[in-house]
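Notes for the one structure printed next.
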Amino acid sequence: MSESEANVDWDAEARTFDEEADHGLRDPEIRRAWADRMRGWLPAAAADVLDLGCGTGTLSLLAAEQGHRVTGVDLSPAMIDLARAKLAGRDAAFLVGDAATPPVGEQRYDVVLVRHVLWTLPDPARVLRHWRGLLRPGGRLVLIEGRWGTVSPVGIPADRLTELLAPVAGHVRVERLSDDPLLWGKTVADERYAVVAMD
């Protein structure tokens, strides 16, 4: 985890987290853009989705709205409380825990969905192996990552992530997201992408 990320009080951040255009997805056009992308990343049939570092549950909600069963994990109890409220009455469960080693069993999920988390973890190769073990045969990793900023960028480049995935996935598809301002609520110049990794 980067020093700046390690010093963030995510419980304190929870109250305003959804105010960012790409966090809360409150704008209908931004929400629709993310929902459309999710349809391409998630299975067409109802699936078990594990959303790691789920935050306030925005992507969990999109997955649930598309008919999937969702389990969300986040280290912040305040984020988990907001996610539970956001998905009240839906087929979803939320657990407080570390995204790197979530408190769930192996081979239980069809999808492990992770947005903007992997780059913060100290040993991403080990974490990817662990996440792969959480998937049922035929399951997929959906990783939304990037390299943010242009002066002192932080994150993980797509080519580095595809290298890390080579030992754990037979097929890796990279989808560039930087050129779609609807996803971010603005035009961005840095590297943002999604990777779908399968057997």
Side-chain angles (χ1 to χ4, degrees), residues 4-5 8-44 46-47 49-94 99 111-120 140-151 153-156 158 161 173-196:
S4 61
E5 287 288 305
V8 173
D9 181 346
W10 290 110
D11 283 332
E13 292 289 318
R15 186 174 43 82
T16 58
F17 189 77
D18 280 351
E19 291 174 11
E20 286 287 325
D22 63 314
H23 290 175
L25 308 185
R26 292 174 171 163
D27 179 289
E29 287 189 16
I30 296 172
R31 181 183 176 79
R32 190 166 28 257
W34 277 99
D36 289 347
R37 295 287 181 146
M38 293 272 288
R39 271 188 208 88
W41 301 332
L42 301 180
V49 176
L50 178 61
D51 184 1
L52 296 176
C54 67
T56 63
T58 301
L59 293 188
S60 293
L61 179 57
L62 293 182
E65 288 175 345
Q66 294 177 16
H68 302 294
R69 298 168 297 276
V70 180
T71 301
V73 175
D74 200 279
L75 203 53
S76 163
M79 293 280 193
I80 289 294
D81 287 345
L82 291 169
R84 286 178 177 145
K86 194 178 282 185
L87 278 86
R90 296 191 179 271
D91 195 354
F94 291 94
V111 178
V112 171
L113 170 67
V114 190
R115 178 169 67 166
H116 304 169
V117 173
L118 185 65
W119 74 275
T120 69
R140 64 183 76 175
L141 296 170
V142 177
L143 309 171
I144 304 160
E145 286 292 337
R147 189 149 169 81
W148 301 276
T150 52
V151 178
V154 296
I156 184 169
L161 182 50
R173 176 171 55 93
V174 178
E175 191 173 316
R176 303 289 173 187
L177 305 179
S178 300
D179 58 355
D180 188 350
L182 270 183
L183 293 172
W184 314 108
K186 60 186 176 186
T187 300
V188 298
D190 47 17
E191 181 185 16
R192 303 180 189 199
Y193 61 90
V195 170
V196 179

Practice item. Could you pull out all residues at least two apart from Leu182 that satisfy side chain to side chain contact (heavy atoms under 4.5 Å, CB included)? Key: Glu29, Ala33, Asp180
**Study point:** Residues that Asp91 engages under salt bridge (charged side-chain N to carboxylate O under 4.0 Å, His left out), provided they are two or more places apart
**Key:** none
Practice item. Show your working on side-chain contact (heavy atoms from CB on, under 4.5 Å) between Ile144 and Leu177 and close with a plain yes or no. Key: CA-CA 9 Å; Ile144 304 160; Leu177 305 179; 4.0 Å; yes
Check your understanding: Roughly how far, to the nearest 0.5 Å, is CZ of Arg140 from CG of Leu113?
Key -> 11.5 Å
**Study point:** All side chain to side chain contact (heavy atoms under 4.5 Å, CB included) counterparts of Ala158, not counting sequence neighbours
**Key:** Val174, Arg176, Glu191, Tyr193
**Study point:** Minimum heavy-atom distance between Ala47 and His68, given as atom pair plus value
**Key:** N-ND1, 3.0 Å
Check your understanding: With sequence neighbours left out, what residues match Glu175 under side-chain hydrogen bond (donor to acceptor under 3.5 Å, both in side chains)?
Key -> Arg37, Trp41, Arg173
Point to revise | Counterpart residues, side-chain hydrogen bond (donor to acceptor under 3.5 Å, both in side chains), relative to Gln66 (two or more places apart) | key: none
**Study point:** Heavy-atom side-chain contact between Arg147 and Leu161 under 4.5 Å
**Key:** no
**Study point:** Leu62/Leu42 under side-chain contact (heavy atoms from CB on, under 4.5 Å): CA gap, chis, key distance, verdict
**Key:** CA-CA 11 Å; Leu62 293 182; Leu42 301 180; over 6 Å; no
Study note, to complete from the structure: Sorted by chain and number, sequence neighbours left out, side-chain hydrogen bond (donor to acceptor under 3.5 Å, both in side chains) with Asp74 holds for none
Practice item. Apply the test side-chain contact (heavy atoms from CB on, under 4.5 Å) to residues Leu50 and Val73: give CA-CA distance (whole Å), side-chain angles for both, the deciding distance (0.1 Å), then the verdict. Key: CA-CA 8 Å; Leu50 178 61; Val73 175; 4.0 Å; yes
Point to revise | Partners meeting side chain to side chain contact (heavy atoms under 4.5 Å, CB included) with Pro77 (sequence neighbours left out) | key: Asp11, Val96
Practice item. Could you tell me whether the side chain of Ser178 and the main chain of Arg192 form a donor-acceptor pair under 3.5 Å? Key: yes
Revision key, fill the gap. Correct closest heavy-atom pair for Gly55 and Ala83 would be O-CB, 3.8 Å
Check your understanding: Under the side chain to side chain contact (heavy atoms under 4.5 Å, CB included) test, which residues partner Ala92, sequence neighbours left out?
Key -> Val70, Leu87, Phe94
Point to revise | Beyond-backbone contact of Leu52 with Val117, side-chain heavy atoms, under 4.5 angstrom | key: no
Exercise for review: Indicate yes or no: at least one non-hydrogen side-chain atom of Ser60 is less than 4.5 angstrom from one of Lys86.
Suggested key: no
**Study point:** Contacts of type side-chain hydrogen bond (donor to acceptor under 3.5 Å, both in side chains), residue Arg84, not counting sequence neighbours
**Key:** none
Check your understanding: Glu65 versus Met38: any side-chain heavy-atom pair under 4.5 Å?
Key -> no
Practice item. Take Cys54 and Ile80 through the side-chain contact (heavy atoms from CB on, under 4.5 Å) test and state the conclusion after the steps. Key: CA-CA 8 Å; Cys54 67; Ile80 289 294; 3.8 Å; yes
